[in-house]
2 protein chains.
Amino acid sequence: MPSPALPAPAVSRRELNKAATRDAIAEAALNFLRTRELNEFTVDDVAIAAGVSRRTFFNYFSSVEAAVASFTQRYLDSVIAELEARPSDEPILESAQFALSAVGSPRDLAILAETFTLTQDPALGRFQLQAWDDCSIKITEVARHRLPPGTDELYINALVGAVVGSCRAAVGVWFSQRGADTSEDSLAQLRELLGTTISLIRSGFAY
Amino acid sequence: MPSPALPAPAVSRRELNKAATRDAIAEAALNFLRTRELNEFTVDDVAIAAGVSRRTFFNYFSSVEAAVASFTQRYLDSVIAELEARPSDEPILESAQFALSAVGSPRDLAILAETFTLTQDPALGRFQLQAWDDCSIKITEVARHRLPPGTDELYINALVGAVVGSCRAAVGVWFSQRGADTSEDSLAQLRELLGTTISLIRSGFAY
DNA sequence: CTTTTAGTTTGCACGGCGTGCAAACTTGCA
DNA sequence: TGCAAGTTTGCACGCCGTGCAAACTAAAAG
């Protein structure tokens, strides 16, 4: 007698396949960027390297830029997930501080750092900016439910804008100081920079 | 005797022509966006409407998106100009407050507001984000020379990131409340929102 | 005024992009 | 086993963005 009907697995074969394909494509795109400029390879190149057809590439990403941005998106989404996991009565900037220091396996951070180098090209940079902006929108939603009801919309939006804007700047500072160094030492410094940044947001920029 | 040799005019005929062409192209692009979606017209359409060849369009802008972003760029550049015009011993956030309230003829602000509506399409939004990011970079340069020498790089970058990020958010709030309303009344409200935002950055987000 | 020089516009051509569509194929389910 | 639903693929088409060389135009030199 077969095992009792398993409920449809949380992740079906189809979903696994799709995730694998998606990863393969993104990885292939990143790989090309590591050795060439953006305009020195084509979507076909990436598709072939990922083992799919050109058409399938476009089923997953609308461009190489978008594929590369998926790494940053993933990192930022994990920050948001950490943020949402914090107790909802905790002061939100405190939650942010925890979320920022909790996040990031060395591997994820290595990608984040590498992405900073590889996206100097404006066409790639635009997609990175969009990832940060999408992140802002999601966090605003979280903040709206966290802050006391009736909190001024300006307060909410300015807070999120300031936090995301300054954290992005902090990552930039980290990268300009450490480059692609993702040793524990360097990661600790990143966490410290992000922590200091949140403190500044909380206590204000005196001058 | 002819009039004494005039020094070569500050703006030559050539420069005037180029500026006019550039404006005509940007204006034509915006005009199409007012009535159609981004993918419902082509670069050729815009070029013809602007009275130039397709090839000339690309001599000025690399895409329709870039042409549309030129309006936001112009606005942000004027804010930076105001900022640089402030006395350099003034606290920088105070300078920011002045610059933000000084700037913006109704016409400029009308365009800024309209731009917000017309750039919902992600492809357009990306270029807007880039305009704000370019602005950050320029302001960072200003801030570096304004703040006491030796000020922490993190402080400078986080400050600018927070200011620009929150001000962008403030413009978003303004737009969501007033739409394309650019009456004196509405503009006063925008100035107030921006002023409040800078105050928040200065004094901190308590929670 | 004429000639020269430098800067700008244009047409052309080419490779690459992004998408609709329909046919082939794969997975899930009865 | 066979059907339904989801996924991949090839193809074709219009549009994009750029290098190039020829036409044109403003500015400077003679």
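Labels below follow one simple rule: chain letters A, B, ... track the order of the sequence lines, proteins then strands, and each chain is numbered from 1.
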Asks: Give the rounded distance in Å between these two atoms: CD1 of A:Ile48 and P of C:dG16.
Replies: 11 Å
Asks: Rounding to an integer number of Å, can you tell me how far A:Glu37 CD sits from C:dG16 C1'?
Replies: 18 Å
Asks: In whole angstrom, give the distance that lies between atom CZ of B:Arg13 and atom P of D:dA28.
Replies: 13 Å
Asks: Starting at CG of B:Leu16 and ending at P of C:dG7, how long is that distance when rounded to a whole Å?
Replies: 17 Å
Asks: Which heavy atom in A:Leu124 sits nearest to a heavy atom in A:Leu118, and how many Å separate them?
Replies: CD1-O, 3.4 Å
Asks: Roughly, in whole Å, what's the span from CG in A:Leu38 to P in D:dT18?
Replies: 12 Å
Asks: Can you tell me how far CD1 of B:Ile201 sits from OG of B:Ser166, rounded to the nearest 0.5 angstrom?
Replies: 3.5 Å
Asks: Heavy atoms from C-beta onward define the side chain here; which of D:dA27, D:dG17, C:dC17 lies closest to that of B:Val43?
Replies: D:dG17
Asks: Is the closest basic N to carboxylate O distance between A:Lys138 and A:Glu141 below 4.0 Å?
Replies: no
Asks: Select from B:Phe57 and B:Arg14 the residue whose nearest nucleotide in DNA chain C is closer to the 5' end of that strand.
Replies: B:Arg14
Asks: Could you check A:Arg55 against A:Asp44 and say which one's nearest nucleotide on DNA chain C is further toward the 5' end?
Replies: A:Asp44
Asks: Provide, to the nearest angstrom, the distance between the CD atom belonging to B:Glu65 and the C1' atom belonging to C:dC17.
Replies: 13 Å
Asks: Side chain of B:Asn59, heavy atoms from C-beta onward: which of C:dT10, D:dG10, D:dA27 has the nearest atom to it?
Replies: C:dT10
Asks: Please give, in whole Å, the distance from C:dG18 P to B:Glu40 CD?
Replies: 19 Å
Asks: Which of these nucleotides, D:dG17, D:dC15, C:dG18, is closest to any side-chain atom of A:Phe58?
Replies: C:dG18
Asks: Do A:Phe71 and A:Thr119 have side-chain heavy atoms sitting under 4.5 Å apart?
Replies: no
Asks: Would you kindly check whether a donor in the side chain of A:Arg54 faces an acceptor in the base of C:dG16, or vice versa, at under 3.5 angstrom?
Replies: no
Asks: Measuring to OP1 and OP2 of C:dT27, would you say a side-chain N or O of A:Asn17 lies under 4.0 angstrom away?
Replies: yes
Asks: Would you say a side-chain N or O of B:Thr56 is under 4.0 Å from OP1 or OP2 of C:dT10?
Replies: yes
Asks: Report yes or no: is the cationic atom of A:Arg86 (NZ for Lys, CZ for Arg) closer than 6.0 Å to the six-membered ring centre of A:Phe98, at no more than 45° off its axis?
Replies: yes
Asks: Check whether any side-chain nitrogen or oxygen of B:Tyr60 sits under 4.0 Å from OP1 or OP2 of C:dT9, and answer yes or no.
Replies: yes
